[in-house]
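These numbers come from a predicted model, not from an experiment. Side chains are part of it too, since the values below use all heavy atoms of this structure and drop only hydrogens, waters and symmetry mates. Counting starts at 1 for both ligands and their atoms, in listed order.
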Amino acid sequence: MSGRRWATLVGATSVLALALGWSAVGAKAPKKGVDWVALNPGFAGATFVNDPETCRTCHEDGMKTYAHTAHARTLDATPADGAGDCESCHGPRSKHVEAPSGDLALGTKAKAQSAVCLQCHQGGTRFAWKGGQHQANDVSCTACHTVMEAKSPKALLAKADTGATCYQCHQDVRADMNKMSHHPVRENRMDCASCHNVHGAAPSLLTKPTLNDTCYTCHADKRGPFVWEHAPARESCATCHSAHGSNNRNLLTSKDPFLCLTCHSYGGHINLPRYNRVSNPYGSGCSNCHTSVHGSNHPSGAKLTR
Ligand code: HEC
Ligand code: HEC
Ligand code: HEC
Ligand code: HEC
Ligand code: HEC
Ligand code: HEC
Ligand code: HEC
Ligand code: HEC
Ligand code: HEC
Ligand code: HEC
């Protein structure tokens, strides 16, 4: 755990933590509590055992895989607030220890399950979780995260990598990523999280407030400003490009010249016999001559030809 990140996670409680003699780094207290009885009436009357060793007597195997997770490494029993380690996610277990059963599960309501995690993870990239497309559609934290076992090299993902985690539900994107021209996700040069913050609420859950801003993080040369702008590039890169994949070169939504002809007519060139004589603009792609389709800074780039 990086002390600084955890410090912001529990910023509000760190003063209390220091007062109680915990170090800021060691403070593991959840930021806000969970109404365990509302989550599962079986918790009524139960108290926290606060001793993972008690759990080990019956859950040895599960605890072996759990031992390799970030939680096992960073959480430990902190009796001061009554919710250490296992019970910070599994609720007060005194009754369970006395009479074990399987009926204290976190329930089936995604939002209630997520509340367990949000005790400690409300901030950061999850600032806008509530109201975001995943939260609103009942996708719980545990749909993407498997916390009892580290199955991925980072972030406790449910599958070995980000793509596989997402493809559980977004099969159409896998098909796009297999097309001839695609962003190099399959090649492991980037992943879904390079463009998406799935914890958020931005349009299309992108990392930036607008689609173009997201693209500029890696394709800064397309940002401009240009002396000669091309209106559609300023407006949205997605007018001409499929973000995930396409069977046209350069991720184009349709083939050049048809792409250009959805907005332009050939008319412009009919008045330019010079060019008609040299070449039929329909035959060669428009961008053979209009090489600066994203905008031009050349003094005579008005027609985006240089
Ligand atoms: C009691 C507080 C607490 C609760 C409750 C909690 N976490 Fe965590 N979580 C932490 C701490 C502390 C870390 C380590 C932070 C760090 O390394 O910066 C962490 C790390 C993580 C990570 C990153 C792991 C990695 O290997 O990078 C994920 C993912 C995560 N938690 C998901 C969850 C999910 C999902 C839940 C609910 C099922 C949950 N957490 C509940 C405290 C908590
Ligand atoms: C960060 C939250 C979190 C912590 C900490 C945690 N668990 Fe879990 N545990 C879960 C979730 C969520 C599930 C449900 C299965 C899943 O989504 O992986 C689960 C499932 C289980 C199960 C059911 C069997 C299984 O593996 O699916 C047992 C038993 C269990 N946990 C015991 C423990 C014990 C013992 C500890 C402490 C050593 C512990 N858990 C710590 C969140 C947590
Ligand atoms: C005396 C044995 C025993 C002890 C001690 C024990 N458990 Fe269990 N636990 C069980 C049994 C039996 C089940 C039911 C397994 C099943 O349904 O397959 C279970 C199920 C669970 C489950 C999954 C179902 C549910 O109700 O959520 C979790 C999580 C869990 N235990 C957590 C804990 C934690 C945390 C501790 C320590 C505070 C603990 N257990 C201590 C025997 C025990
Ligand atoms: C739709 C899938 C998905 C859901 C739902 C989801 N996550 Fe994540 N989470 C991810 C992915 C993917 C990453 C890795 C991001 C990266 O590579 O930058 C991640 C990273 C994390 C991390 C570590 C890095 C960070 O951002 O702090 C934590 C902690 C975390 N998630 C907690 C949660 C919690 C808590 C919830 C529920 C409120 C949740 N996640 C819901 C996919 C998901
Ligand atoms: C458990 C199923 C599930 C998983 C796993 C999942 N999603 Fe989703 N996702 C949904 C649902 C449901 C919606 C909302 C309905 C929709 O737009 O399809 C959604 C919406 C989205 C949206 C927004 C769509 C829009 O038009 O606003 C994006 C982007 C997205 N998911 C990306 C991801 C990524 C990236 C991952 C992996 C880190 C992931 N999802 C994992 C179920 C899932
Ligand atoms: C290069 C950036 C980028 C990467 C990488 C990326 N996406 Fe997207 N994604 C976008 C953009 C931009 C949109 C919105 C497209 C639009 O509005 O036309 C989008 C839309 C989506 C949507 C909603 C629309 C749809 O196509 O279903 C989902 C779901 C989605 N992405 C999932 C994923 C998954 C899963 C991955 C990883 C396998 C991924 N994305 C990788 C940029 C990206
Ligand atoms: C995280 C960095 C990143 C982001 C964000 C990003 N790209 Fe890319 N883009 C790449 C990489 C890497 C390549 C592959 C370059 C290569 O192979 O040399 C690429 C290639 C491309 C290509 C050429 C594809 C081909 O077949 O040659 C286009 C077009 C493109 N990106 C458009 C976009 C658009 C539009 C967006 C915003 C929706 C975007 N990119 C966002 C990294 C990014
Ligand atoms: C009017 C249609 C159009 C729009 C809008 C557009 N592009 Fe393109 N883009 C193209 C065409 C056509 C090519 C192929 C150019 C060629 O073959 O020389 C291309 C090629 C690319 C390439 C790969 C070659 C290179 O120049 O690096 C990237 C990356 C790219 N575009 C990014 C973007 C980004 C980012 C945006 C949004 C700011 C955007 N494009 C908006 C038409 C467009
Ligand atoms: C979504 C619609 C759209 C698409 C697709 C599109 N353009 Fe444009 N284009 C425009 C608009 C709008 C202008 C600005 C027109 C104006 O200022 O009169 C423009 C301006 C131009 C100009 C400068 C015209 C002038 O009179 O100064 C050229 C050249 C051009 N586009 C070429 C292309 C090429 C080549 C493609 C295909 C790669 C293309 N355009 C695709 C909408 C589009
Ligand atoms: C052989 C090279 C060439 C090809 C191919 C070509 N253009 Fe042009 N186009 C030009 C030149 C050069 C000009 C600028 C003439 C001028 O400066 O007066 C121009 C001008 C334009 C203009 C501005 C018209 C005006 O009235 O000034 C538009 C729009 C345009 N082209 C669109 C296209 C489209 C769409 C295609 C593909 C169907 C295309 N061009 C193919 C060379 C070409």
Side-chain angles (χ1 to χ4, degrees), residues 125 154-155 161-163 166 170 172-173 175-198 200 202-306:
T125 57
K154 61 161 194 178
D161 61 52
T162 309
C166 313
H170 298 294
D172 57 324
V173 180
D176 284 343
M177 289 293 181
N178 280 330
K179 290 180 177 166
M180 179 196 85
S181 168
H182 56 268
H183 267 111
V185 169
R186 271 199 281 146
E187 291 77 6
N188 285 324
R189 287 172 59 199
M190 61 199 296
D191 66 30
C192 315
S194 307
C195 297
H196 294 290
N197 170 15
V198 296
S204 300
L205 293 173
L206 292 171
T207 50
K208 301 284 171 190
T210 70
L211 190 146
N212 279 27
D213 282 339
T214 305
C215 311
Y216 298 150
T217 56
C218 301
H219 301 293
D221 60 314
K222 305 290 185 285
R223 183 198 290 274
F226 297 109
V227 175
W228 311 106
E229 300 273 1
H230 191 198
R234 186 54 58 229
E235 219 163 86
S236 171
C237 312
T239 306
C240 300
H241 295 290
S242 310
H244 300 143
S246 163
N247 284 327
N248 303 310
R249 64 187 184 95
N250 280 307
L251 290 166
L252 291 173
T253 49
S254 65
K255 273 198 178 60
D256 181 6
F258 304 107
L259 172 67
C260 315
L261 290 168
T262 55
C263 297
H264 296 285
S265 66
Y266 177 46
H269 291 92
I270 284 175
N271 300 324
L272 299 164
R274 197 154 55 95
Y275 295 103
N276 284 336
R277 271 202 308 276
V278 177
S279 137
N280 173 4
Y282 271 116
S284 48
C286 315
S287 54
N288 279 341
C289 298
H290 298 283
T291 48
S292 303
V293 285
H294 303 101
S296 169
N297 281 324
H298 193 281
S300 38
K303 307 302 174 192
L304 309 176
T305 50
R306 59 196 88 199

* To do: Show your working on side-chain hydrogen bond (donor to acceptor under 3.5 Å, both in side chains) between His298 and Ser300 and close with a plain yes or no.
  => CA-CA 5 Å; His298 193 281; Ser300 38; 3.2 Å; yes

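- If you check each of Asn248, Val185, Asp213, Leu251 against atom 22 (C) of ligand 7, the one with the closest non-hydrogen atom is Leu251.
- For atom 26 (O) of ligand 7, the closest heavy atom belonging to the protein is Ser181 OG, 2.6 Å.
- The shortest N or O to N or O distance between His264 and ligand 10 is not below 3.5 Å.
- Looking only at protein heavy atoms, the nearest one to atom 3 (C) of ligand 7 is Cys218 SG, 2.6 Å.
- Of the listed residues (Cys286, Ser287, Ser300), the one carrying the non-hydrogen atom nearest atom 36 (C) of ligand 10 is Cys286.
- One option in Cys260, Cys289, Pro257 has a heavy atom closer to atom 42 (C) of ligand 10 than any other, and that option is Cys289.
- Contacts between Asn250 and ligand 7, counted as non-hydrogen atom pairs separated by less than 4.0 Å, involve both the backbone and the side chain.
- Counting protein heavy atoms only, atom 20 (C) of ligand 8 is closest to His294 CE1, 3.6 Å.
- For atom 1 (C) of ligand 8, the nearest non-hydrogen atom of the protein is Cys240 SG, 2.7 Å.
- In terms of distance to atom 8 (Fe) of ligand 7, the nearest N, O or S atom of His183 is named NE2.
- Because the distance cut-off is set at 2.8 Å, Cys237 fails to qualify as a neighbour of atom 8 (Fe) of ligand 8, as none of its N, O or S atoms comes that close.
- The presence of a protein heavy atom under 4.0 Å from atom 7 (N) of ligand 8 is confirmed.
- Near Cys195, meaning under 4.0 Å from one of its heavy atoms, ligand 7 places the atoms 5 (C).
- Nearest protein neighbour of atom 17 (O) of ligand 7, counting heavy atoms only, is Arg189 NH1, 3.4 Å.
- Residue-ligand proximity, His230 to ligand 8, at heavy-atom distances under 4.0 Å covers atoms 1 (C).
- Remark: ligand 8 atoms within the under-4.0 Å shell around heavy atoms of Tyr216 are 38 (C).
- Contact atoms of ligand 8 toward Val293: 10 (C), 11 (C), 42 (C) (distance under 4.0 Å to a heavy atom of the residue).
- With Lys222, His241, His219 as candidates, the residue nearest to atom 39 (C) of ligand 7 on a non-hydrogen basis is His219.
- For atom 38 (C) of ligand 7, the nearest non-hydrogen atom from the set Cys215, Ser242, Ser194, Ser236 belongs to Cys215.
- With respect to atom 13 (C) of ligand 7, the closest heavy atom belonging to the protein is Pro184 CD, 3.8 Å.
- Heavy atoms of Ala238 found under 4.0 angstrom from ligand 7: none, in either backbone or side chain.
- In the vicinity of Leu252, heavy-atom distances shorter than 4.0 Å reach the ligand 8 atoms 10 (C), 11 (C), 12 (C), 42 (C).
- Ranking the protein heavy atoms by distance from atom 16 (C) of ligand 8 puts Arg249 NH1, 4.0 Å first.
- When each atom of ligand 8 is checked for a heavy atom of Pro232 under 4.0 Å away, the hits are 1 (C), 5 (C).
- The distance from ligand 7 to the heavy atoms of Thr217 drops below 4.0 Å at these ligand atoms: 5 (C).
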